[in-house]
Q: 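Sharing a structure with you now.
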Amino acid sequence: MMNAILIAGPTASGKSALALELARKADGVVINADSMQVYDALHVLTARPSREEMDGVPHVLYGHVAAARKYSVGAWCHDVRAILADAAMAERTAIYVGGTGLYFRALTDGLSAMPDIPDVIRDYWREALKQRGAEALHAELKSRDPKSADILNANDSQRIVRALEVFEASGQSIIDFQGKCGTALIDADEARKIVLTPDRAKLKARINQRFERMMETGAVEEVRGLLSMGLSPDLPAMKAIGVREISALLSGSMTRAQAVERASIATRQYAKRQMTWFRNQLDDTWVRTDPDFR
């Protein structure tokens with residue numbers, strides 16, 4: 001039986017539907033490889049497959065992490081190892097699907113060893129974030145380490161600070177460390193690897209339509225519930241696309257139309273960064289295909 005099937009691609013590209021189709025054919029188990037779909041409080045905003053959409057096919061590592069936690073690629077690898085250690089998986093195909101590039105890198109190459117960060121450097125950049133903000137630090141990262149800046153959102157404070165710490169401590173881009181091999185979770189040579197590369201115009205239209213549907217199917221209620229938890233704004237779950245925009249809608253500082261427009265723009269920008277990462281970081285053993293947009 002095939003070692004694994006990997007399906008990567010930008011948000012809204014049809015990954016989940018393809019994973020379900022292949023799982024039916026290969027007696028597969030779908031394993032989430034999206035860093036936001038792991039959070040329990042983010043169902044609508046992350047387009048997590050519903051029970052009906054799963055259609056009886058086992059799906060794992062979806063919504064299993066509390067929004068109050070910070071989940072990492074290391075924690076994800078630990079959870080994947082536990083799934084693969086189950087004897088029942090020996091008779092089934094593992095189908096990994098998602099848009100988080102580092103999860104796929106960990107699957108095929110293992111986790112890379114990052115340099116130790118001295119406390120003085122860590123404290124400096126944490127304080128710089130408080131004083132200057134994420135966008136200013138992103139601009140500085142672009143001047144020091146353009147490779148990592150190009151794939152990071154200007155508001156992704158946690159990853160921006162991490163990239164600056166690594167560069168300050170080592171003089172090397174965090175991308176260089178991420179490219180070094182560790183212990184792989186799967187046999188990449190035996191796996192079927194697919195990258196969805198949708199037409200940009202069609203993807204843009206689909207993203208716009210999808211966020212509007214999210215607003216109609218519980219996104220506002222989802223954000224209201226998330227805000228009621230009183231979580232730190234620095235937590236990954238609080239940075240999911242749509243949370244900030246709908247929070248502004250709930251506070252009265254943004255209209256519904258503005259929230260939809262700005263969240264759709266943010267999603268399109270995120271999709272562009274994902275496609276850039278997949279294009280530059282995944283080698284020619286990955287089959288690139290334009291998904292069928294219906």
Side-chain angles (χ1 to χ4, degrees), residues 1-38 48-49 53-62 64 71-113 151 175-198 271 273-292:
M1 182 172 289
M2 183 170 291
N3 171 266
I5 300 174
L6 282 57
I7 305 171
T11 186
S13 61
K15 300 183 298 294
S16 296
L18 177 58
L20 183 62
E21 177 184 336
L22 296 180
R24 290 197 189 103
K25 294 177 180 178
D27 188 27
V29 174
V30 178
I31 301 176
N32 173 42
D34 184 287
S35 63
M36 283 298 174
Q37 289 189 344
V38 302
R48 200 165 80 212
E53 289 169 330
M54 293 178 184
D55 195 27
V57 172
H59 284 61
V60 296
L61 302 189
Y62 288 88
H64 70 299
Y71 193 69
S72 66
V73 63
W76 183 80
C77 288
H78 177 273
D79 290 342
V80 169
R81 287 192 187 96
I83 291 168
L84 298 180
D86 189 331
M89 282 299 297
E91 302 300 322
R92 310 196 72 163
T93 299
I95 301 176
Y96 302 87
V97 57
T100 302
L102 292 182
Y103 284 11
F104 290 104
R105 175 60 59 76
L107 276 176
T108 59
D109 297 335
L111 285 177
S112 55
I151 63 172
I175 300 298
D176 296 333
F177 286 98
Q178 291 167 348
K180 294 176 182 177
C181 294
T183 302
L185 293 176
I186 65 169
D187 183 347
D189 292 335
E190 295 296 323
R192 179 182 178 187
K193 294 170 285 187
I194 303 167
V195 183
L196 300 186
T197 55
R273 291 193 302 275
Q274 287 177 300
M275 288 189 285
T276 297
W277 197 98
F278 295 136
R279 183 172 60 252
N280 295 334
Q281 300 296 321
L282 301 183
D283 62 27
D284 291 340
T285 64
W286 288 75
V287 175
R288 287 161 169 80
T289 183
D290 187 345
D292 179 20

Q: Sub-3.5 Å donor-acceptor pair from the side chain of W76 to the main-chain atoms of N32, do we have one?
A: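 Yes, the answer is positive, given that a donor and an acceptor are paired below the 3.5 Å cut-off.
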Q: Please check if the side chain of K15 supplies one atom and the backbone of P10 the other of a donor-acceptor pair under 3.5 Å.
A: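 Yes, K15 side chain to P10 backbone: donor-acceptor pair under 3.5 Å.
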Q: Report the residues that fulfil side chain to side chain donor-acceptor pair (under 3.5 Å) with S35, sequence neighbours left out, ordered by chain and then residue number.
A: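 Side chain to side chain donor-acceptor pair (under 3.5 Å) check on S35 returns T100.
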Q: Is it true that a side-chain atom of T197 and a backbone atom of T289 form a donor plus acceptor pair closer than 3.5 Å?
A: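 Yes, the answer is positive, given that a donor and an acceptor are paired below the 3.5 Å cut-off.
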Q: Identify the heavy atoms of V97 and S16 that sit nearest to each other, and give their distance.
A: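 Result for this residue pair: CG2-N, 4.2 Å.
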Q: Partners of D79 by side chain to side chain donor-acceptor pair (under 3.5 Å), sequence neighbours excluded?
A: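 Expected list: H64, Y71.
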Q: For the atom pair CG (D34) and OH (Y62), what is the distance rounded to the nearest 0.5 Å?
A: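 Going from the CG atom of D34 to the OH atom of Y62 covers 8.0 Å.
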Q: Residues in salt bridge (Lys or Arg N to Asp or Glu O under 4.0 Å) with D55, at least two apart?
A: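 Per chain and number, D55 pairs via salt bridge (Lys or Arg N to Asp or Glu O under 4.0 Å) with R24.
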Q: According to ring pair (Phe, Tyr, Trp, His ring centres under 6.0 Å), who are the partners of F278, at least two apart in sequence or on a separate chain?
A: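 None.
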Q: Testing the basics here: between G9 and Q274, what is the closest heavy-atom pair and its distance to 0.1 Å?
A: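 Smallest heavy-atom distance, with atoms named: O-NE2, 4.0 Å.
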Q: Tell me the closest heavy-atom pair linking L111 and A106, and the distance in Å.
A: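 Scanning both residues completely, I find the closest heavy atoms to be CD2-CB, 4.0 Å.
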Q: For the CZ atom of R273 and the CD1 atom of I151, what is their distance to the nearest 0.5 Å?
A: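 Taking CZ in R273 and CD1 in I151, the distance rounds to 9.5 Å.
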Q: Which pair of heavy atoms, one from L185 and one from L84, lies closest together, and at what distance?
A: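 What the structure gives for the nearest pair is O-CD1, 3.9 Å.
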Q: Partners of W286 by ring pair (Phe, Tyr, Trp, His ring centres under 6.0 Å), sequence neighbours excluded?
A: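 Partners of W286 by the ring pair (Phe, Tyr, Trp, His ring centres under 6.0 Å) criterion, ordered by chain and then number, come out as F104.
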Q: Are the side chains of I186 and Y96 in touch, meaning some heavy atoms are under 4.5 Å apart?
A: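 Result yes, sub-4.5 Å side-chain heavy-atom pair found.
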Q: Can you measure from CD1 (I5) to CD1 (I31) and round to the nearest 0.5 angstrom?
A: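 It is 11.0 Å, given to the nearest 0.5 Å.
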Q: Hey, what do you get for CG (D189) to OG1 (T285), rounding to the nearest 0.5 Å?
A: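 So the gap between those two atoms works out to 8.0 Å.
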Q: Mind listing the closest non-hydrogen atom pair of R279 and R288 along with its distance?
A: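 Shortest heavy-atom contact: O-NH2, 4.0 Å.
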Q: Among all residues two or more places apart in sequence or in another chain, which pass the side-chain contact (heavy atoms from CB on, under 4.5 Å) test with A188?
A: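 So A188 forms a side-chain contact (heavy atoms from CB on, under 4.5 Å) with T108, K193.
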Q: Taking all non-hydrogen atoms of both residues, which atom of A271 and which atom of T11 are closest, and how far apart?
A: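 The answer is CB-CG2, 3.9 Å.
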Q: Flag the pair L20 / E53 as yes when at least one side-chain heavy-atom distance between them is below 4.5 Å, and no otherwise.
A: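 SC-SC contact between L20 and E53 ruled out.
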Q: Taking the side chain as every heavy atom from C-beta outward, state whether L22 and R192 have any atom pair closer than 4.5 Å.
A: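 Side chain of L22 against side chain of R192, heavy atoms only: contact under 4.5 Å found.
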